[in-house]
Each structure stands twice: as structure tokens, then as C-alpha cells.
There are 2 protein chains.
Amino acid sequence: MRIGQLARRSGVSVRALRYYEEQRLLESTRTPGGQRDYPDEAMERVQLIQDLFAAGLSSRTVVELLPCVSTGVATPAMLDQLIIERDRIAARIQDLTRAKTKLGRVIENVTAANVAQD
Amino acid sequence: MRIGQLARRSGVSVRALRYYEEQRLLESTRTPGGQRDYPDEAMERVQLIQDLFAAGLSSRTVVELLPCVSTGVATPAMLDQLIIERDRIAARIQDLTRAKTKLGRVIENVTAANVAQD
DNA sequence: CTCGTACCTGACGTTGACGTCAGGGTTGGC
DNA sequence: GCCAACCCTGACGTCAACGTCAGGTACGAG
């Protein structure tokens with residue numbers, strides 16, 4: 001599959017895919033003419049990269065952890081890093097939950113006030 | 001209270017406080033000599049700003065919502081925006097939770113493999 | 001008055017994940 | 001062999017929330 005098709009299928013931009021390759025997150029073979037060629041598994045890979053980015057990991061961290069995330073094999077250092085990142089995500093979830101609660105209360109107050117006004 | 005003290009107390013940088021003022025998120029009076037002077041309530045305000053930033057809101061959004069978050073009074077447009085942001089946060093929490101679960105499984109696998117190896 | 005510390009206003013630098021543009025080569029159906 | 005659609009490699013632009021530096025002013029203890 002060529003880059004445009006992978007982009008459309010996985011919902012990321014062509015530029016992003018080239019960026020992933022630049023960062024060694026994604027590999028490709030080349031046609032004799034030099035165009036990128038991806039196997040079908042690339043779609044899952046891109047999805048995984050997006051998930052990790054969405055979780056707030058940097059490309060540097062992702063490139064370190066991708067091997068063990070896809071293979072399940074990790075060095076002790078990788079395991080430490082995995083735990084650090086999981087805990088970071090957990091802390092972030094707590095922050096977001098607090099913020100959500102706060103906004104929720106504001107919404108309730110405002111709604112109550114508006115209803116009272118009616 | 002002057003800017004340095006507010007910075008130390010609230011745990012943000014002096015530069016950040018000046019940035020908040022530039023973005024109209026935070027006000028200050030001035031001494032005759034032109035130095036910023038903050039009331040005690042500024043600390044809560046800064047904390048609130050940080051919470052909203054941590055929740056992923058932009059300074060533009062924060063400046064729009066700050067009035068109703070601190071006063072509890074909102075126009076319909078502000079209420080819409082509040083709901084949009086709360087839902088965005090909720091969606092983000094879901095993403096993070098999925099990512100955390102994924103990393104958690106990887107950690108389990110790796111740990112199990114290492115234990116088996118011992 | 002003087003010195004040290006804190007503060008002031010610009011204004012340019014940083015970082016990450018791409019967007020975008022220029023100039024040119026590749027593919028493949030007809 | 002022609003043409004549209006697609007792809008290539010640089011390389012500069014973007015955006016937010018500050019960091020940092022330069023050159024100068026204010027405050028307050030002694």
C-alpha cells in the first residue's frame with residue numbers, strides 16, 4: 001500500500017506518516033522508483049502510535065517503548081519507563097477528572113440559576 | 001503582594017504571571033513605581049488558571065470562561081462552551097484510560113515473562 | 001546615599017508534531 | 001508516449017506557553 005492510501009485508511013496526514021518514519025516510529029520499503037510501500041500491518045502500527053501520542057508520550061519515548069509494546073519483550077530499563085509512563089497517565093487522569101468535576105459543578109450552578117430565572 | 005512572592009506561593013514562574021496578565025487572565029494594580037501588586041485572592045485565581053490549563057483548555061478559552069467559573073453566572077454561549085469543554089475532557093479521559101490499560105497489560109506481560117525466566 | 005535584590009519592558013529563543021510550499025520524479029491507464 | 005494523479009526531498013512556517021537575555025528602574029535596610 002502506498003502512503004496516500006495508508007493516510008486515508010488510518011486517518012492521519014501524509015506528512016505525519018513521513019514524520020513518523022523520520023522519527024523511526026514507522027518503516028517502509030521502497031518501490032524501484034523510490035516511493036514508500038507499506039504492509040497491511042502498518043495500519044495497526046499507526047493506530048498504536050496515535051494512541052501513545054494521544055496519551056501524551058513524546059516521539060522519543062514512543063520509539064523507545066514501541067518494540068516492547070508490540071512484542072511484549074522488555075529490558076528492565078524499558079519496564080521502568082513503562083511504569084513511569086503509566087503512572088504519569090494515571091496522574092493526568094486524576095487532574096482531568098478534577099477539572100471535569102469542577103466544570104460540572106459550574107454547569108450545574110449556572111443551569112440551576114437559569115432555571116430559577118425562568 | 002508583589003510578583004515574586006505570588007510566584008513562589010503559587011508555584012508558577014514570574015514570567016508565567018506576566019504572561020497571564022498579557023492574556024487578560026489575571027489583573028494587578030501597580031505601585032507608584034510601576035511594580036505589580038496582587039491581592040491575596042490572586043493565589044486562588046492562579047491556581048484556577050493552572051487547573052484549566054492542565055485540563056487542556058487554551059488561554060483563549062480560559063479567558064472566555066473564567067468569569068463564569070469564578071462568579072457562577074453565564075450566558076447561554078458560555079454554557080455551551082462549558083459543556084463542550086467538559087465533554088472534551090471526558091473524551092480525553094477515555095483516551096487516557098484506554099492507553100493506561102494498554103500499557104498496564106504490556107507491563108503485566110513483561111513482568112510475567114521475567115518472573116517465568118527467574 | 002548606597003548597595004543588593006527585586007522588578008520593569010521589550011524582544012528573541014524553545015519545543016513537538018506536524019502544515020505548507022517549491023521544484024521535480026513515478027505510476028499506470030489509455 | 002501522454003497526462004493526471006500521486007509521490008519524492010528539502011526546507012521554512014506555525015502555535016502555545018512560556019524561558020531567557022539585555023538594558024534599565026524601584027524598593028528598603030543600614
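Quick caveat, the model's predicted, so the values are computed rather than measured. So that the names make sense, note that chain A is the first sequence line, chain B the second, and so on, each numbered from 1. Atoms considered below: every heavy atom in the structure, side chains included; atoms not considered: hydrogens, waters and symmetry mates.
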Note: B:Glu22-B:Arg18 ion pair, threshold 4.0 Å (strictly below): no
Would you indicate, yes or no, if C:dT27 has its OP1 or OP2 atom less than 4.0 angstrom from a side-chain nitrogen or oxygen of A:Thr31? yes
Phosphate OP1/OP2 of C:dA17 contacted by A:Ser58 side-chain N/O (<4.0 Å): no
In whole angstrom, give the distance that lies between atom CD of A:Gln35 and atom P of C:dT27. 5 Å
What's the CD-P distance between B:Glu21 and D:dC18, to the nearest Å? 15 Å
With a cut-off of less than 4.0 Å, is there a side-chain N or O of B:Tyr20 near OP1 or OP2 of D:dC18? yes
Using whole Å, report how far CG of A:Leu17 lies from P of D:dC6. 16 Å
Assert: residue with more 5' nearest nucleotide on DNA chain C, out of B:Ile3 and A:Gly33, is B:Ile3
Closest-nucleotide ordering on DNA chain D, the 5'-leading residue of B:Phe53 and B:Pro32: B:Phe53
Would you kindly give the CG-to-P distance between B:Leu6 and C:dA6, to the nearest whole Å? 15 Å
Checking B:Gln50 against B:Tyr20: is there a side-chain donor and acceptor pair closer than 3.5 Å? yes
Touch check for A:Arg2, heavy atoms < 4.0 angstrom, all strands: base, sugar-phosphate only, or nothing? sugar-phosphate
Please confirm whether the shortest side-chain N or O distance from A:Arg18 to OP1 or OP2 of D:dC8 is below 4.0 Å. yes
Distance only, no hydrogens: is a donor on one side chain within 3.5 Å (strictly under) of an acceptor on the other, for B:Gln35 and B:Arg2? yes
Using OP1 and OP2 only, check whether a side-chain N or O of A:Ser59 sits under 4.0 Å from C:dA17. yes
Check the distance between D:dA17's C1' and B:Gln23's CD and give it to me in whole angstrom. 9 Å
No-hydrogen, no-angle side-chain donor-acceptor test under 3.5 Å, A:Glu21 and A:Ser28: yes
For C:dT20, does the base pair up with any side-chain atom of A:Arg15 as donor and acceptor (N or O, under 3.5 Å, distance only)? yes
Can you see if the side chain of A:Tyr19 gets near the phosphate of C:dC18 - specifically, an N or O under 4.0 Å from OP1 or OP2? no
To the nearest angstrom, how far is A:Arg60 atom CZ from C:dA17 atom P? 11 Å
Tell me the interatomic distance from A:Leu52, atom CG, to C:dG16, atom P, rounded to whole angstroms. 17 Å
Does the pair A:Asp51/B:Lys102 count as a salt bridge with the N-to-O cut at 4.0 Å? yes
Euclidean distance, atom CE of residue B:Met1 to atom C1' of C:dA6 [Å, nearest integer]: 16 Å
Ignoring backbone atoms, establish whether A:Ser13 has a side-chain N or O less than 4.0 Å from OP1 or OP2 of C:dG19. yes
Under 4.0 Å, counting only non-hydrogen atoms across every strand here, what does A:Arg30 touch: a base, just sugar-phosphate, or nothing? sugar-phosphate
